[in-house]
Peer 1: 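Structure incoming, see below.
Convention: sequence-line order gives letters A, B, ...; per-chain numbering from 1.
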2 protein chains.
Amino acid sequence: MLFKNITLIDENFEVKSNMYVGVFSDRIDYIGETEPEKDYGEAYDGSRKVLLPGFVNAHTHSPMTLLRGYAENLPLDRWLNEKVFPFEDRLNCERAYYGTMLSIAEMLACGTTSFSDMYFFTDGVMKAAIDAKAKLNYSRSIVSFDDTPLLENERVKEGICAAEKYHNTENGRIKVDMCLHAEYTNTLKTIEEFGEYTKGRGLINHIHLSETKLEHENCKQKYGKTPARLFYDAGVMDSPCLFAHCVWIEDSDIELFKEKGASVAHCSASNLKLGSGVCDTYKLMQNGINVAIGTDSASSNNSLDIIKEMYLAAILPKGIQGRADIVSPAEVLKMATRNGALAQGREDCGLIKEGFKADLCVIDLNKANMYPDFDVLNNLVYSASKADVVLTMVDGEVLYKDGEYKYIDVEKIGFECNRIVGEVVKELGV
Amino acid sequence: MLFKNITLIDENFEVKSNMYVGVFSDRIDYIGETEPEKDYGEAYDGSRKVLLPGFVNAHTHSPMTLLRGYAENLPLDRWLNEKVFPFEDRLNCERAYYGTMLSIAEMLACGTTSFSDMYFFTDGVMKAAIDAKAKLNYSRSIVSFDDTPLLENERVKEGICAAEKYHNTENGRIKVDMCLHAEYTNTLKTIEEFGEYTKGRGLINHIHLSETKLEHENCKQKYGKTPARLFYDAGVMDSPCLFAHCVWIEDSDIELFKEKGASVAHCSASNLKLGSGVCDTYKLMQNGINVAIGTDSASSNNSLDIIKEMYLAAILPKGIQGRADIVSPAEVLKMATRNGALAQGREDCGLIKEGFKADLCVIDLNKANMYPDFDVLNNLVYSASKADVVLTMVDGEVLYKDGEYKYIDVEKIGFECNRIVGEVVKELGV
């Protein structure tokens, strides 16, 4: 495909107008001010449109879209124990498949081209990602309630099996990360064995960290150290880490992140909605930490709208700290794209740059909310919505265009999701 | 028009499925579970769609959409003095007309059916509202820097003239409110004369109140009382009041609101983005105050997306107060509809109820983000976006449907807005 005469966000997150971008196979092959001689096939008229790197949703739980609207107005612990866990206990691979398909549909409509998922029912989630040609870093969530040896824990076995079966498959679209659900859902023995096992294997460790004050303080009381320090001491941070939430981390934790190059998945909406608090992303960024953006699940958000999430990430620090001058639009757009790709270990994603993967999205500027044209970058971060997304491309293939999906029938998937939740509710007798 | 087989939000903000709603002239004429015998003309298939009262944007400054993206990352005082005021000084009625048209287009696409505007260039704003058939409470912003008698202040004259010329015109769609810009932009003499003048005239007083800590504290230092108390003492609150922002109000101010029945226009996004803080809407609502929702201007937001604003109003109190159980979806939807209508003095608007004005919007449930169907109300508040708005009706007339406007050519309006801002920037030499 050849994007003609389009505005784009370049690799320095600066705006360039009247550009040509040629996509060959799964890569960005040409970027220039003039029309290339090479034939890139279908031409796309870029007038009043802007091409940006596809968004990366750095933390979600796709099958939980089945629970959207099911468990509302509860704090995290009650939300999990009274509503989420019993519901999840009724899921299976077939059910997880439809929940994941629905999530992928929603994310594509928001311009999201890659996501980091933490869940279970591996084969169901994977089948959806493969069917929809989505880009996914999947991790099998590990919890442990006793001191069963790590490699005898069924969840760990599933995670290892997932890595062996799926890592770097589908033209590299599918990657597998390792995962501890959190400190409070695992025994110290499991955490230590996990640190030892993952060390040197080159996989990312995706972990919930200091999401609530309760979790953070309980850990300090139990172990005399923060969750981050506990993971550090157990060797978990010797692998590249992606820590979700980090609402209650301390300055000393940030030092550990710096030392080990850990990434943070910032989930503004979920943290607000569950009453968990606000992560100090400004401080993290001041310390050079790679901060990406996640929606968390549709059960706690309740959407997977990364553009809304980007907006929150832009305005929330300003409001909380009383400083309108912190966190620039370019920084936030980078969080939602390049930083996410780096957090996923995808060096060749998240930028519009020759040779990089063609994971792209197009936003229409011929919308009332996108005029006037003072500053396209400001408009993208502060004024755009998913209603403005007109094209989403993954690995050079258009998966969503003008409201239509290439591989997903939303009405059918939605119907199946309604069927499934009807069955689950009946099984639970609620 | 007859909405057939549609889900709706009833006057108690409860969800009803498979309903019929007949619109005759500018009113909701029929609501029932069966198809009416009366002929309502065009039928609208409501399958997998939900009908709700149109949103009311209770505080904005429409022509300022011209400044979208122009003045970023500055706190309120610098934002106003260094960027906004010099720009506004170059505006005129023709320029304000196009800015307002662009704003109306954006609001209609978000399902907004009525808005409370505070600005100047009355005839420009009014012409846009009339051309677009929008519903508008307009107020001419009054500022005073010396003790010129109230009725000799040119701004006051324009405001009074606006009321005489436009109040209750266009089938009542246009109303005129009175307006003091704020305490800090007026002399005590003006405020007192304004209180005296407006008393008993039956018009609403629309005023910025305690938006920033600086403004609030300066007033206390200068007058020994809060801005709210100052307005109360000056008789300003003897008229129905709509106070925008109220971020820094105190408990004693809430008592005054209660006594006088004042409404609050809550502007989460603008208050965050300008670093002003967070209004405690939970406390206001606990005290029975009528809290409506406003976007503020596109210059400080930077969109007029009331659905995004509704989402913020739902999750922000939870996150700030650490309580996931406060502020329900029904309360928030009421804030964005009925409470706004009441703040505008429009008793027969903001509810789906027989005899009420047919100010309606339709949201498509056949979107990935709107499945499954556990709870339509939750999905509307927590999961919907403006991308799901498929119809907006004002006074029984469809003004927006499936991305098309009845009276607005967005491309043309956008072009004119770009022309205008180009001229202004040239005139300012920036």
Peer 1: What is the minimum heavy-atom distance between B:Y382 and A:K308, and which atoms define it?
Peer 2: O-NZ, 3.8 Å
Peer 1: Measuring only between side-chain heavy atoms, which start at C-beta, is A:V421 closer than 4.5 Å to B:D373?
Peer 2: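 A side-chain contact is absent here, since even the closest heavy-atom pair is not under 4.5 Å.
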Peer 1: Is the shortest side-chain heavy-atom distance between A:L272 and B:L316 below 4.5 Å?
Peer 2: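 SC-SC contact between A:L272 and B:L316 confirmed.
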Peer 1: At a 4.5 Å cut-off on heavy atoms, which part of B:R323 comes close to chain A: side chain, backbone, both, or neither?
Peer 2: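 For B:R323, backbone heavy atoms alone lie under 4.5 Å from chain A.
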Peer 1: Let's test your reading of the structure: which of A:S268, A:G275, A:G99 forms the most heavy-atom pairs below 4.5 Å with chain B?
Peer 2: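 Option with the top pair count is A:G275.
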Peer 1: Measure distances from B:A105 to the heavy atoms of chain A and classify the residue's part below 4.5 Å as side chain, backbone, both or neither.
Peer 2: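 The answer is both parts of B:A105.
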Peer 1: Of the backbone (N, CA, C, O) and the side chain (C-beta and beyond), which part of B:A269 lies under 4.5 Å from a heavy atom of chain A, both, or neither?
Peer 2: both
Peer 1: Please report the interatomic distance CG(B:N302) to CG(A:D375), rounded to the nearest 0.5 Å.
Peer 2: 9.5 Å
Peer 1: Any side-chain heavy atom of A:N378 within less than 4.5 Å of one from B:R68?
Peer 2: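 Counting from C-beta outward, A:N378 and B:R68 never come under 4.5 Å.
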Peer 1: Given heavy-atom pairs under 4.5 angstrom as the criterion, report whether the side chain, backbone, both or neither of B:K273 touches chain A.
Peer 2: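 For B:K273, heavy atoms of backbone and side chain both lie under 4.5 Å from chain A.
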Peer 1: For B:L312, is it the side chain, the backbone, both or neither that has a heavy atom under 4.5 Å from a heavy atom of chain A?
Peer 2: side chain
Peer 1: Counting only heavy atoms not in B:E411 (residues, nucleotides, ligands), do more than 12 fall under 6.0 Å from its CD?
Peer 2: no
Peer 1: Could you verify whether a donor N or O on one side chain and an acceptor N or O on the other, from A:N301 and B:Y311, lie under 3.5 Å apart?
Peer 2: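 Yes.
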Peer 1: Please state whether the side chain, the backbone, both or neither of B:N379 comes within less than 4.5 Å of a heavy atom of chain A.
Peer 2: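 It is the side chain, since no backbone atom gets that close.
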Peer 1: Of the listed residues (B:L102, B:D325, B:D305), which shares the most heavy-atom pairs with chain A below a 4.5 Å separation?
Peer 2: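 It is B:L102.
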Peer 1: Specify the closest pair of heavy atoms between A:Y405 and B:A368, including all atoms of both residues, with the distance to one decimal.
Peer 2: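 So the minimum-distance heavy-atom pair works out to OH-CB, 4.3 Å.
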Peer 1: List the atom of B:K367, the atom of A:V410, and the distance in Å for their closest heavy-atom pair.
Peer 2: C-CG1, 4.1 Å
Peer 1: How far apart are the closest heavy atoms of B:S383 and A:S303, and which atoms are they?
Peer 2: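 Scanning both residues, the minimum pair turns out to be O-CB, 4.0 Å.
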Peer 1: Look up atom OG in A:S385 and atom CD1 in B:I307, then write down how far apart they are to the nearest 0.5 Å.
Peer 2: 9.0 Å
Peer 1: Any idea which heavy atoms bring B:V425 and A:F374 closest together, and the distance?
Peer 2: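 The pair with the smallest heavy-atom distance is CG2-CE2, 3.5 Å.
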Peer 1: Could you tell me which non-hydrogen atom of A:T65 sits nearest to which non-hydrogen atom of B:P372, and how far apart they are?
Peer 2: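 So the minimum-distance heavy-atom pair works out to O-CD, 3.3 Å.
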Peer 1: Which of the residues A:G414, A:A324, A:P329, A:A387 is involved in the greatest number of heavy-atom pairs with chain B at under 4.5 angstrom?
Peer 2: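 So the answer, after comparing A:G414, A:A324, A:P329, A:A387, is A:A324.
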Peer 1: Measure distances from B:F415 to the heavy atoms of chain A and classify the residue's part below 4.5 Å as side chain, backbone, both or neither.
Peer 2: backbone
Peer 1: Can you say whether B:L274 sits under 4.5 Å from chain A via the side chain, the backbone, both, or neither, judging by heavy atoms?
Peer 2: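 Only the backbone of B:L274 comes within 4.5 Å of chain A.
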Peer 1: Side chain, backbone, both or neither: which part of B:R48 has a non-hydrogen atom closer than 4.5 Å to chain A?
Peer 2: side chain
Peer 1: With no hydrogens and no angle check, is any side-chain donor or acceptor of B:N73 less than 3.5 Å from a backbone partner on A:S328?
Peer 2: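 No; judged by distance alone, with no hydrogens or angles, the pair does not exist.
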